[in-house]
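Reminder, nothing fancy here: chain letters follow the sequence lines and each chain counts from 1. Remember, predicted model here, so these are calculated numbers, not experimental data.
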Protein chains: 2
Amino acid sequence: MAELLRVQGYAATGIQQLARTAGAPTGSIYHHFKGGKREVVAAALRQTGAVYIQLLPLLLDQHADLATGIEAAFATAADDVGHTGWANMCPVGTVTGEIADVEPELREVAAGVIASWVDEGTRYLASRGLSDADARAVTYAVLSALEGGFLLARGQRSAEPLLAAGRAISTYVATLPVTAPASAENQST
Amino acid sequence: MAELLRVQGYAATGIQQLARTAGAPTGSIYHHFKGGKREVVAAALRQTGAVYIQLLPLLLDQHADLATGIEAAFATAADDVGHTGWANMCPVGTVTGEIADVEPELREVAAGVIASWVDEGTRYLASRGLSDADARAVTYAVLSALEGGFLLARGQRSAEPLLAAGRAISTYVATLPVTAPASAENQST
DNA sequence: GTCTATATTGTGATAGAC
DNA sequence: GTCTATCACAATATAGAC
């Protein structure tokens, strides 16, 4: 479901299409998800949230310098978007834009997922030496630039927006003070 | 139509709802827009593109320093989003996310609108003293952060993402070299 | 050109046989 | 619990009277 959602969005993805893709009849879906389409989408969003949250340390731990790590992460995202035919990378972003003012329950689910990303990102960046306030601001800036970059990249069929956004955020992060030395590899202490 | 699109998105906005809102019957719409819903949406996107492109100099000319001007523009956008009950501010962003992989013709229209924004933004920022390459990169970064900030702000019902994104881009711009003195008010030369 | 009524298709959701 | 057939409704789009 998350696969379909991130490419087609909420309204364009039907339960019957999901059933065909998954090889299960529509009745079974309604048996397991009594809330119907909304509940299926909510589950997909929550699952995506839990998966994507693990990417953060995976991408950034390998770079001693936070700023270069962030720019590299955006470059990786840009590569992925290009190699998958400019399909969206984040169902949460696609769905949020579509339903934020129309489906209150789903909006709350999406908000919860994003809030968990913000919390986790803030914690991680603080462990890399940023102040708590800076860590939270950077997390929001990264998520904004990333989701917006995905949007523009899909529309323009170009990696340029994501690369430009990555360089901007990276340069911003490089100006922030860090408490630990820049070469710190032990962000767990 | 642009009004409805930016709040509800493409799929959730029906031609009959547009007819009710506009006070005109559905038949008239199909008489003037023979391409149906797609053509109406395309016209709305193009019109929005032409209107929003005028906001750029309006917002930034009043600040002698480019970086503070950009941060102020994001703050203004954040205020607007909050005062309108977290409705989206940009139909182009909402629609692009929804149809980029599903409606090729509309995707091209949206891409054209965004491309015109990039061209105009690049020209303007170059006239404010940035190199051509920097001007283009900053324009893409601003648009990415702005669209992503709108998305997160709507989802979280908070101005925080937009403000954080604005500060990030502003700080980035402040690090770039400018050819003219920072207090230049004549960006037309 | 403007508007009404309708054709047609596809949707989410359900009832009920296995 | 799994699957088939179907209901009820809303969507886009059109035909045709004024």
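Nearest approach of A:Trp117 to A:Thr139, heavy atoms of both residues: O-CG2, 4.0 Å.
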Exercise answer: donor-acceptor pairs, residues 45-57 of chain B side-chain atoms, under 3.5 Å, sequence neighbours excluded:
unit_1	atom_1	unit_2	atom_2	d
B:Thr48	OG1	B:Ala44	O	2.8
B:Tyr52	OH	B:Met89	O	2.5

Check residues 104-116 of chain B and write down every donor-acceptor pair under 3.5 Å in which the side-chain atom is one partner and the other belongs to a residue at least two apart or another chain.
unit_1	atom_1	unit_2	atom_2	d
B:Arg107	NE	A:Gly155	O	3.0
B:Ser116	OG	B:Val113	O	2.6

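What separates NE2 of A:His31 from P of D:dT2 is a distance of 6 Å, to the nearest Å. Here the C1' atom of nucleotide C:dT14 and the CD1 atom of A:Ile29 are 14 Å apart, to the nearest Å.
Remark: B:Lys37 fails to qualify as a cation-pi partner of B:Tyr30 under the 6.0 Å distance and 45° angle criteria applied to the six-membered ring.
We find that B:Glu103 and B:Arg38 are joined by a salt bridge, their nearest charged nitrogen and carboxylate oxygen being less than 4.0 Å apart.
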Going 5' to 3' along nucleotides 8-13 of chain C, which nucleotides have protein heavy atoms under 4.0 Å from the base (write B), which only from the sugar-phosphate (write S), and which from neither (write -)?
----BB
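Distances shown here put a side-chain N or O of A:His32 below 4.0 Å from the OP1 or OP2 atom of D:dT2.
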